[in-house]
J.: 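Provided herewith is a single structure, encoded as C-alpha cells, for subsequent inquiry.
All values derive from a computational prediction rather than experimental measurement. To find a chain, count down the sequence lines: A is the first, B the second, and so on, and within it residues start at 1.
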Number of protein chains: 4
Amino acid sequence: MILQLNMSSDTPIYMQLRNQIVMGIGSGELKTGEGLPSVRQLAVDIGINMMTVSKAYNILKNEGYIEIDRRHGAKVREDLDSNRKPTEKLEYGLSLLAAESKAKGMDKETFLKICEKTFNDINTQKLKEHRAC
Amino acid sequence: MILQLNMSSDTPIYMQLRNQIVMGIGSGELKTGEGLPSVRQLAVDIGINMMTVSKAYNILKNEGYIEIDRRHGAKVREDLDSNRKPTEKLEYGLSLLAAESKAKGMDKETFLKICEKTFNDINTQKLKEHRAC
Amino acid sequence: MILQLNMSSDTPIYMQLRNQIVMGIGSGELKTGEGLPSVRQLAVDIGINMMTVSKAYNILKNEGYIEIDRRHGAKVREDLDSNRKPTEKLEYGLSLLAAESKAKGMDKETFLKICEKTFNDINTQKLKEHRAC
Amino acid sequence: MILQLNMSSDTPIYMQLRNQIVMGIGSGELKTGEGLPSVRQLAVDIGINMMTVSKAYNILKNEGYIEIDRRHGAKVREDLDSNRKPTEKLEYGLSLLAAESKAKGMDKETFLKICEKTFNDINTQKLKEHRAC
DNA sequence: GTGGTCTAGACCACA
DNA sequence: GTGGTCTAGACCACT
C-alpha cells in the first residue's frame with residue numbers, strides 16, 4: 001500500500017496517515033486481520049517521526065479499526081464488521097457536506113448520485129489532499 | 001438563528017462559525033440576500049473576539065457564500081446558486097466518509113439511505129460539534 | 001457613459017469611480033474638455049453618497065485628469081496631453097505585475113503580447129472588478 | 001533579501017510584505033524551493049507583529065507562491081511555473097495602467113517600451129511604496 | 001455606523 | 001523548533 005502525505009497540508013500528518021489507512025481498509029487493500037508495518041518501520045519508510053505514526057495508530061485503535069498487540073504489532077481488527085456505529089461522525093460529516101451542496105443549489109438527485117458514485121469508486125479512489133474542516 | 005460554539009473543540013472557533021452559517025444557508029434559515037449580524041455585534045453576542053468573527057466571514061466570502069459590503073455589512077449572496085461547483089471538496093469528504101462506513105461493514109443501501117435522510121433533514125439538523133479532520 | 005460599481009469589492013467606491021472615469025478618458029469615451037456630471041447629480045444617479053463622488057473628483061483633479069470650476073462643474077482637462085509624467089505610478093504598477101508574471105514562469109514575449117493587446121483593447125475594455133492591491 | 005516597509009502607507013503592511021516577496025521571487029532573489037524566514041523571525045526582524053507576517057504568508061500560500069510546512073516553515077513553491085494563469089489579474093491591472101497612460105497622451109510605442117524595460121529590469125527593481133488602488 | 005488593520009502578548013497543536 | 005488560534009483592545013478608512 002502506497003501512502004502519500006502532503007507536508008504542506010493543513011491536515012496534520014498523523015491525520016492524513018489515519019485517513020489513508022482507513023481508505024485502505026475501506027477499499028479492501030488492507031484486509032481484516034492483516035498486519036500493519038511497525039511504528040518504527042513505517043516512520044522510516046515515509047520519513048516522518050515515530051511519534052506521528054504512533055499517534056495515528058492510537059487514533060485508529062480508539063476508533064476500533066485496528067488492534068495493537070505488544071508482541072505482533074498492529075493489525076486490522078478481525079471483527080470490524082460487528083463494530084458498526086459510524087452514525088454519529090458520519091451524520092455530522094454528511095450534514096455539513098449536504099448543507100454546502102444545498103446552499104450552492106445542488107438538488108437531491110445530484111447529491112445522491114455523487115454519494116453513490118463515491119461509494120462505488122472507493123476501491124479506486126485516491127485520497128487527494130484537501131482541507132476538510 | 002442560534003449559534004452554538006464549543007470553545008474546547010479542536011475545530012477552531014472561526015471554522016465552527018463558518019460551518020454553522022453554511023448550515024444556516026443550506027437549511028434555508030438564512031435566505032439569499034439576508035443580512036448577517038455585523039462582526040462587532042456577533043462577536044459581542046457570542047462572547048468572542050471581533051477578529052475571529054471577521055476571519056469566519058472572510059472565509060465565507062472567499063468560498064462564495066456571502067458578500068461583504070462596506071456600508072451595510074455582510075449578507076448572503078444573491079447568486080449563490082450560479083456558483084455550483086462544490087464537487088471537489090464534496091467528493092473528498094464523501095470518499096473519506098464512505099471509506100469509513102465501508103470499513104466498518106456498512107453496505108451501499110444503508111449508506112445511501114443515510115445520505116438521503118441527512119439531505120432531507122438539513123432543515124432541522126443541528127450542527128453538533130465534532131472533529132471532522 | 002455607464003458606471004458599474006461593486007459595493008462588495010475591496011476597492012473603495014471612490015477609487016472604483018476614479019478608475020472608471022480614467023478608463024473612460026483613456027478609451028476616448030470621455031473627450032478632453034467634456035463636462036462631467038455634477039457631484040450631486042452623479043451621486044443620485046448611482047445611489048451613493050455625495051462625499052464619495054466628491055472624493056473621486058478631487059483625486060482626479062489632483063492627478064491632473066480633470067478641472068473643477070465652481071461655475072461650470074468638472075470637466076476633462078483640455079491640456080491632458082501636456083501633462084505626461086505617468087512614469088512613477090506606471091513603473092510601480094508594471095513592476096509588480098511583471099514580477100508576478102515572471103514568478104509564475106511567463107516569458108517576456110507573452111508578457112509584452114498581453115501588454116500590447118491590452119493597450120489596443122482599451123476602447124472596448126470593461127473595467128471588471130478586481131482586487132488590485 | 002532586504003524588505004522595506006512603509007508604515008504610514010495606505011497599503012497594509014501585510015500586502016506590502018506580500019508584494020516584496022513576490023518581487024523577490026520574480027527577480028530571482030528568492031529561488032524556487034528556497035526557505036523563507038519563520039513568521040516569528042521575520043516579525044522580529046522588521047519589527048512588526050507575528051500575525052501580520054502570518055497574514056502575508058497565508059495570502060502567498062493561497063496565491064500559489066509558497067508552501068507552508070508545519071515542520072520547516074515556509075518555502076517558495078517548487079512547481080511555481082506549472083501554475084501559470086496570471087492572466088485575469090494581469091489584464092485588469094494592465095488595462096488600468098494602459099488607460100491612465102493613454103489618457104495622458106502616451107502612445108503605444110512608448111507604453112510598450114516601458115513595459116519591456118520594466119520586465120527586463122525586474123532583477124534590479126526596487127519595489128517602491130506607492131498607492132496601487 | 002460598517003469592516004480592516006495592527007499590536008503585544010498568550011496558549012496550543014504539530015513534528 | 002514551527003505555524004495556528006485567540007484575546008482585548010486600539011486606530012483607521014469608508015460611507
J.: So if I take residues 43-51 of chain D and measure heavy-atom distances to DNA chain F, which residues fall below 4.0 Å?
T.: D:Met50, D:Met51
J.: Counting only side-chain heavy atoms from C-beta out, which of F:dC6, E:dC6, E:dA15 sits nearest to D:Ile13?
T.: E:dC6
J.: May I have the distance from B:Leu42 (atom CG) to F:dT7 (atom P), rounded to whole angstrom?
T.: 12 Å
J.: Take N1-N3 plus N6-O4 or O6-N4 for Watson-Crick, N1-O2 plus O6-N3 for G-U, both under 3.5 Å. Which runs of 3 or more such pairs involve DNA chain F?
T.: E:1-14 with F:1-14
J.: Send over the distance from D:Asp69 CG to F:dG1 P, rounded to a whole Å.
T.: 17 Å
J.: Taking side-chain contact (heavy atoms from CB on, under 4.5 Å) as the definition, give me every residue that meets it alongside A:Asn62, ordered by chain and number, with sequence neighbours left out.
T.: none
J.: Return the value, rounded to whole Å, for the distance between atom CD of B:Gln16 and atom C1' of F:dC6.
T.: 13 Å
J.: Quick one: is D:Tyr14 getting a side-chain N or O under 4.0 Å of the E:dT5 phosphate, OP1 or OP2?
T.: yes
J.: Please check if the side chain of B:Gln16 supplies one atom and the backbone of B:Thr11 the other of a donor-acceptor pair under 3.5 Å.
T.: yes
J.: Just how far, in rounded Å, is C1' of E:dG3 from CD of B:Glu67?
T.: 15 Å
J.: Under 3.5 Å, side chain of B:Ser27 to main-chain N/O of B:Met23, donor-acceptor pair present?
T.: yes
J.: To the nearest Å, how far apart are A:Asp10 CG and F:dT2 P?
T.: 19 Å
J.: Which side chain to side chain donor-acceptor pair (under 3.5 Å) pairs, counting each pair once, include a residue from residues 29-38 of chain D, with sequence neighbours left out?
T.: none
J.: Can you list every pair that meets salt bridge (Lys or Arg N to Asp or Glu O under 4.0 Å) and has a residue in residues 36-60 of chain C, with sequence neighbours left out?
T.: none
J.: By side-chain hydrogen bond (donor to acceptor under 3.5 Å, both in side chains), which residues pair with A:Lys61, not counting sequence neighbours?
T.: none
J.: Mind checking side-chain hydrogen bond (donor to acceptor under 3.5 Å, both in side chains) for B:Glu67 and listing every partner two or more places apart, or none if nothing turns up?
T.: B:Lys75
J.: How many whole angstroms separate atom NE2 of B:His72 from atom C1' of F:dT15?
T.: 8 Å
J.: Can you see if the side chain of B:Ser54 gets near the phosphate of E:dG3 - specifically, an N or O under 4.0 Å from OP1 or OP2?
T.: no
J.: Which is more 5' along DNA chain E, the nucleotide nearest B:Asn58 or the one nearest D:Arg70? Just name the residue.
T.: B:Asn58
J.: Please give, in whole Å, the distance from F:dC12 P to C:Lys55 NZ?
T.: 14 Å
J.: Less than 4.0 angstrom between a side-chain N/O of D:Thr52 and OP1 or OP2 of E:dT7, yes or no?
T.: yes
J.: Under the 3.5 angstrom rule, does the side chain of D:Gln20 hit a backbone N or O of D:Gln4 as a donor-acceptor pair?
T.: yes
J.: Test of understanding: with side-chain contact (heavy atoms from CB on, under 4.5 Å), list the residues that count as partners of D:Thr52, not counting sequence neighbours.
T.: D:Ile13, D:Tyr14, D:Ile48, D:Asn49
J.: Would you mind reading off the distance between B:Arg40 atom CZ and F:dA10 atom P, rounded to a whole angstrom?
T.: 12 Å
